[in-house]
Chemist: 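Structure below; questions to follow.
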Amino acid sequence: MKTFTTRRSLQQYLQQIKTLNKTIGFVPTLGALHQGHLSLIEFAQQQNDVIVCSIFVNPSQFNDPKDLEKYPRTIEADIKMLEQVNCDILFNPEVNEMYDGNEQWHLNIGETEHLLEGEFRPGHYQGVTQVVNKLFGIVNPDTAYFGQKDYQQFLIISKMVNMLNMPVKLVMCPIKRETNGLAMSSRNIHLTPGDRQHALVLSKTLNWLSNNFNQNNIPALKKEAEQMINAEPGVELDYFEIADGDTLHPANDSTKSIVALVAAKVGKTRLIDNILLSPKS
Ligand code: AMP
């Protein structure tokens with residue numbers, strides 16, 4: 001695997017690849033890699049000639065400086081994992097390589113930015129669009145791969161790509177879970193053994209909802225799901241929403257694309273999860 005830490009050197013290398021008519025698949029990450037990230041690389045490998053993975057803990061998407069400081073950084077283990085799955089290129093820049101000084105960024109993405117995650121992490125999606133725009137400009141991928149785990153992130157990046165006519169195709173890959181159902185996340189490293197048990201209520205509730213979706217109306221199902229999560233010790237619910245998958249507004253019985261999204265603090269760690277639901281029959 002080739003590793004680049006400067007934009008210029010990566011761009012020069014990728015230009016050569018482009019002249020050979022090879023397709024580039026791109027997987028942007030914050031590092032602390034797990035099987036979820038690797039599954040994105042595998043999807044990318046099935047559809048492209050050359051795979052670029054970026055590892056960059058982007059400060060502009062962290063609204064809480066303590067969260068940024070605490071974010072796990074495991075670059076040596078990450079490199080080993082990427083080599084094991086035969087990733088071709090790692091882009092691992094320092095912060096000052098990506099941002100020079102007080103760069104300004106604002107993209108008017110509409111209200112989706114302020115709903116759900118956006119409400120609990122103000123400014124988060126401005127930081128996400130800022131860095132993804134920058135990374136797309138550097139890598140110029142044919143296709144970029146993101147996880148359904150961050151459903152709202154995918155929605156917002158799709159809006160940006162449409163709005164700015166970016167020449168990139170986006171693919172959303174399914175959520176990788178532990179065998180007990182816990183959605184894999186770099187943040188799981190912070191969970192105590194007790195937290196890990198309590199955290200299971202999130203995926204269990206989403207599965208329960210999926211299995212019982214036709215049994216009751218949406219407001220009643222939402223209330224029951226909230227009660228299930230609130231009954232779990234050590235879990236503090238931020239939100240549980242059964243939402244329209246395009247607008248993220250609460251879904252109703254005629255909504256075509258439906259996603260249930262949850263965010264909660266488990267011990268000291270904030271986790272998110274979601275499930276796609278079939279419209280009511
Ligand atoms: P992150 O490093 O957390 O920003 O994640 C980088 C990419 O991996 C994002 O597109 C995430 O949605 C995706 N991802 C994170 N966790 C998972 C998972 N458990 N399954 C599939 N994709 C994931």
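Whatever order the structure lists ligands and atoms in, that order sets their numbers, starting from 1.
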Chemist: Using the six-membered ring wherever Trp is involved, compare the ring planes of Tyr71 and Phe62 and label them parallel, tilted or perpendicular (cut-offs 30° and 60°).
Modeler: perpendicular
Chemist: Between Asp238 and Arg121, is the closest basic N to carboxylate O distance under 4.0 Å?
Modeler: no
Chemist: Which of the numbered atoms in ligand 1 are under 4.0 angstrom from any heavy atom belonging to Met184?
Modeler: 16 (N), 17 (C), 18 (C), 19 (N)
Chemist: Tell me which part of Lys176 gets within contact of ligand 1: side chain, backbone, both or neither, using heavy atoms under 4.0 Å.
Modeler: both
Chemist: Assess the pair Tyr145 and Phe26: is the distance between their ring centroids shorter than 6.0 Å?
Modeler: no
Chemist: Answer yes or no: is there an ion pair linking Arg270 with Glu117, defined by an N-O contact shorter than 4.0 Å?
Modeler: yes
Chemist: Run down the list Ser186, Pro28, Pro174 and name the one with the heavy atom closest to atom 21 (C) of ligand 1.
Modeler: Pro174
Chemist: Under 3.5 Å, side chain of Asp195 to main-chain N/O of Thr192, donor-acceptor pair present?
Modeler: yes
Chemist: Give the residue, atom name and distance (to 0.1 Å) of the protein heavy atom nearest atom 22 (N) of ligand 1.
Modeler: Leu40 CD1, 3.5 Å
Chemist: I'd like to know if Asp273 and Arg177 make a salt bridge, using a cut-off of under 4.0 Å between side-chain N and carboxylate O.
Modeler: yes
Chemist: Of the backbone atoms (N, CA, C, O) and the side-chain heavy atoms from C-beta on, which set of Ser185 has a member under 4.0 Å from an atom of ligand 1: side chain, backbone, both, or neither?
Modeler: neither
Chemist: Indicate yes or no for a side-chain donor-acceptor contact from Asn48 to the backbone of Ile51 under 3.5 Å, with no hydrogens or angles considered.
Modeler: no
Chemist: Write out the residue and atom name of the closest protein heavy atom to atom 10 (O) of ligand 1, then the distance separating them to 0.1 Å.
Modeler: Gly147 N, 2.9 Å
Chemist: Would you mind telling me if ligand 1 is within reach of the side chain of Cys173, the backbone, both or neither, using heavy atoms under 4.0 Å?
Modeler: neither
Chemist: Is the side chain of His190 donor-acceptor paired with the backbone N or O of Gly267 at a distance under 3.5 Å, no angle test?
Modeler: no
Chemist: Counting only heavy atoms closer than 4.0 Å, does ligand 1 sit against the backbone of Val27, its side chain, both, or neither?
Modeler: neither
Chemist: Counting neighbours of CD on Glu103 that are heavy atoms of other residues, nucleotides or ligands and sit closer than 6.0 Å, is the number greater than 12?
Modeler: yes
Chemist: Among all protein heavy atoms, pick out the one at the shortest distance from atom 12 (O) of ligand 1; state its residue, atom name and that distance to 0.1 Å.
Modeler: Asp150 OD2, 2.6 Å
Chemist: By number and element, which atoms of ligand 1 are closer than 4.0 Å to a non-hydrogen atom of Phe146?
Modeler: 10 (O)
Chemist: Of all the non-hydrogen atoms in the protein, which one sits nearest to atom 23 (C) of ligand 1, and at what distance?
Modeler: Lys149 CB, 4.0 Å
Chemist: Is there a heavy atom in His34 that sits closer than 4.0 Å to ligand 1?
Modeler: yes
Chemist: Students often mix this up, so state it plainly: with edges at 30° and 60°, are the rings of Phe120 and Tyr239 parallel, tilted or perpendicular?
Modeler: tilted
Chemist: Return the closest protein heavy atom for atom 5 (O) of ligand 1 as residue, atom name and distance.
Modeler: His37 NE2, 3.3 Å
Chemist: Counting non-hydrogen protein atoms only, what is the nearest one to atom 4 (O) of ligand 1? Give residue, atom name and distance.
Modeler: Leu30 CG, 3.4 Å
Chemist: Please could you name the atoms of ligand 1 that Thr29 approaches to less than 4.0 Å, counting only its heavy atoms?
Modeler: 2 (O), 6 (C)
Chemist: Please work out whether any backbone atom (N, CA, C, O) or any side-chain heavy atom from C-beta onward of Gln35 is under 4.0 Å from ligand 1, and answer side chain, backbone, both or neither.
Modeler: neither
